[in-house]
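Right, one structure below, let's go through it.
Treat the numbers as computed from the prediction; the structure is a model and nothing was measured. Chain letters run A, B, ... following the sequence lines, proteins first and then strands; every chain starts at 1.
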There are 4 protein chains.
Amino acid sequence: MNKVILVGRLAQDPEVRYTQSGKAVASFSLAVNRFGGGAQGQNNADFIPIVAWEKLAETCGNNLTKGQRVLVEGRLQIRSYETNDGQKRRIAEVVAQSIEFLERKQASTGDAGNIDVNSFGKDVFPEEEIPF
Amino acid sequence: MNKVILVGRLAQDPEVRYTQSGKAVASFSLAVNRFGGGAQGQNNADFIPIVAWEKLAETCGNNLTKGQRVLVEGRLQIRSYETNDGQKRRIAEVVAQSIEFLERKQASTGDAGNIDVNSFGKDVFPEEEIPF
Amino acid sequence: MNKVILVGRLAQDPEVRYTQSGKAVASFSLAVNRFGGGAQGQNNADFIPIVAWEKLAETCGNNLTKGQRVLVEGRLQIRSYETNDGQKRRIAEVVAQSIEFLERKQASTGDAGNIDVNSFGKDVFPEEEIPF
Amino acid sequence: MNKVILVGRLAQDPEVRYTQSGKAVASFSLAVNRFGGGAQGQNNADFIPIVAWEKLAETCGNNLTKGQRVLVEGRLQIRSYETNDGQKRRIAEVVAQSIEFLERKQASTGDAGNIDVNSFGKDVFPEEEIPF
DNA sequence: TTTT
DNA sequence: TTTT
């Protein structure tokens, strides 16, 4: 069991990239407030990296924008990578299995009349690297 | 909502430290298998940093040992810190709210006859730094 | 581990009652859509009984109304009771531990300017009966 | 979001039945202790009805026995049915999406050498009735 | 680096 | 109806 459930707002628009084999990968940072979003100041949030793969990645790219509130269900993954100067680092991120839209996309961003309020993804343990 | 539920084995004995004000903090790494712990090789695990505070920290120190299987419920926190040479880093860790013991402590590690199989903690958002 | 996490809408205003010892108990039914709340018809929901105790019960009574969307975290409990004609029955209900308000109370139901968007409760295993 | 996560012991061997179209359905009752399984007496458990469908149902039938400890992830469903004398009743049950075996099958129940310790299922919202 |  |  490796289960993560988060409710928060996108801190940025999702970025969608493609692996060499053509798989879509969306990534964004989710601002998860620690104390209910009250008046406790602007720093009371965890900014949690989210990645989504394939069909779910494309749903994110097409339907999510900065500021939108979502529920993310996924698993917590520790990924190793090397910095440009050769240091080994570890990064934690949540690999989304499903994303529930708790708000519609902002009207200003374009039409959003008919999107599904839920979109389900598959759990993936991809062999491929996340492209940078 | 910021909820994490993990089942895994302690990759090491918990380390218990104390903050300047005397609060106990336990930390350990939890090995969470990705594919059900079968024969897929030894590398298929995420090693997830866990911290526990106060009474739950002491319960960890007294009752958990390397290799023991537990269920951890907590929240995912991103913490900023500085390296010795002044670089800013961010680390993700799970702040445990409760830990359920799925196995008794190894007999070889000492007496463990009558411990509770569950121990519950409170969610904490401590002001204090985790001591290193 | 006995954990339930639901996102849905109140199917009715909460009813707040008091036990003989004066503990508040709120109860309501939560409509949880099965397929993302799309156009699949009105019958695709589970109506799940929720109960909340004490301070959380009062928060429910004061801040929640029919139709409002909430996230409920709790545990699943099977309770035995007797019908008026002496039959034994079992009912399942979710005992709320925390409720996150995903929407503000309807303006028409009264002022809702400044309520907290989160309200946290304690897990309770009360000895007392839920009053009818 | 309709998510249930339970850790408990099978109160009985699973019963596997088949729908008219041939789908397997397993059902059993899961005893979920309220206070950590300590010495608080024998009545401190919720007996929660679990159902599993298709491949997961067969895995249950083949690998689970009374008394075995498992982790069940699923959704909470309210199902309507009629009693033999025509009364309408509602029953709550957890439709399992995945089951993690926290213990191997009892040796006395037969060979259990090489079973997977995890088995994953799909979320189903079947049109068909659960056979009685 | 950041959301409301 | 029940598990350890």
Side-chain angles (χ1 to χ4, degrees), chain A residues 6-15 27-50 64-72 91 93 101-106 109, chain B residues 1-2 78 80 87-90 100-104 114-118, chain C residues 1-2 78 80 87-90 100-104 114-118, chain D residues 6-15 27-50 64-72 91 93 101-106 109:
Chain A
L6 304 170
V7 173
R9 293 182 184 277
L10 291 245
Q12 66 201 209
D13 287 342
E15 289 186 73
S27 55
F28 56 88
S29 179
L30 190 72
V32 179
N33 288 317
R34 292 190 176 180
F35 307 100
Q40 299 91 343
Q42 76 237 48
N43 233 16
N44 279 320
D46 289 290
F47 290 86
I48 297 177
I50 312 288
L64 295 181
T65 55
K66 177 176 175 174
Q68 204 171 341
R69 185 190 244 175
V70 294
L71 184 155
V72 173
I91 192 186
E93 61 205 353
F101 306 161
L102 299 176
E103 290 178 350
R104 270 144 212 87
K105 198 177 188 172
Q106 318 300 356
T109 321
Chain B
M1 160 111 315
N2 180 336
I78 310 291
S80 300
Q87 293 181 57
K88 275 199 169 173
R89 294 276 179 77
R90 306 180 142 265
E100 204 165 318
F101 305 161
L102 300 176
E103 289 177 350
R104 270 143 213 88
N114 228 3
I115 61 168
D116 269 333
V117 294
N118 286 302
Chain C
M1 161 112 313
N2 180 337
I78 311 291
S80 299
Q87 293 181 57
K88 275 200 171 176
R89 293 278 177 77
R90 306 181 143 265
E100 202 165 320
F101 305 161
L102 300 176
E103 289 177 351
R104 269 145 213 87
N114 228 5
I115 61 167
D116 269 333
V117 295
N118 285 303
Chain D
L6 304 170
V7 173
R9 293 183 184 277
L10 290 246
Q12 65 202 209
D13 288 342
E15 289 186 73
S27 56
F28 56 89
S29 179
L30 191 71
V32 179
N33 288 317
R34 292 190 175 181
F35 308 100
Q40 297 92 343
Q42 76 239 48
N43 232 15
N44 279 320
D46 289 290
F47 291 85
I48 298 177
I50 312 288
L64 294 181
T65 55
K66 178 176 175 175
Q68 204 172 339
R69 185 192 243 174
V70 294
L71 183 154
V72 173
I91 191 184
E93 61 205 352
F101 304 161
L102 300 175
E103 289 178 351
R104 270 145 213 85
K105 198 178 189 171
Q106 319 299 357
T109 322

Could you check which of [options] has an atom nearest any side-chain atom of [X]?
X	options	result
A/Gln12	E/dT2, E/dT3, F/dT1	E/dT2
A/Ser29	E/dT3, E/dT2, F/dT2	E/dT2
A/Lys66	E/dT1, F/dT4, E/dT3	E/dT3

In whole Å, what is the span from the [atom1] atom of [X] to the [atom2] atom of [N]?
X	N	atom1	atom2	result
C/Ile78	F/dT3	CD1	C1'	15 Å
A/Glu15	E/dT2	CD	C1'	12 Å
D/Asp46	F/dT2	CG	P	14 Å
D/Ile48	F/dT3	CD1	P	16 Å
A/Arg69	E/dT2	CZ	P	21 Å
C/Gln87	F/dT1	CD	C1'	17 Å
A/Phe28	E/dT2	CZ	P	18 Å
A/Asn33	E/dT2	CG	C1'	12 Å

- Message: Is there aromatic stacking of D/Phe47 on F/dT1 here, judged by a ring-centre distance under 5.5 Å and a plane angle under 30°?
- Response: no
- Message: Can you tell me if D/Arg9 touches the phosphate of F/dT2, counting only side-chain N or O atoms and a distance under 4.0 Å to OP1 or OP2?
- Response: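 So the side chain of D/Arg9 is outside the cut-off, no N or O lying under 4.0 Å from OP1 or OP2 of F/dT2.
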Within a strict 4.5 Å, meaning less than it, do heavy atoms of the [X] and [Y] side chains meet?
X	Y	answer
A/Asp46	A/Leu6	no
D/Val7	D/Val70	no
A/Ile48	A/Val72	no

- Could you walk me through whether A/Leu10 and A/Leu30 pass the side chain to side chain contact (heavy atoms under 4.5 Å, CB included) test, one step at a time? CA-CA 5 Å; A/Leu10 291 245; A/Leu30 190 72; 4.0 Å; yes
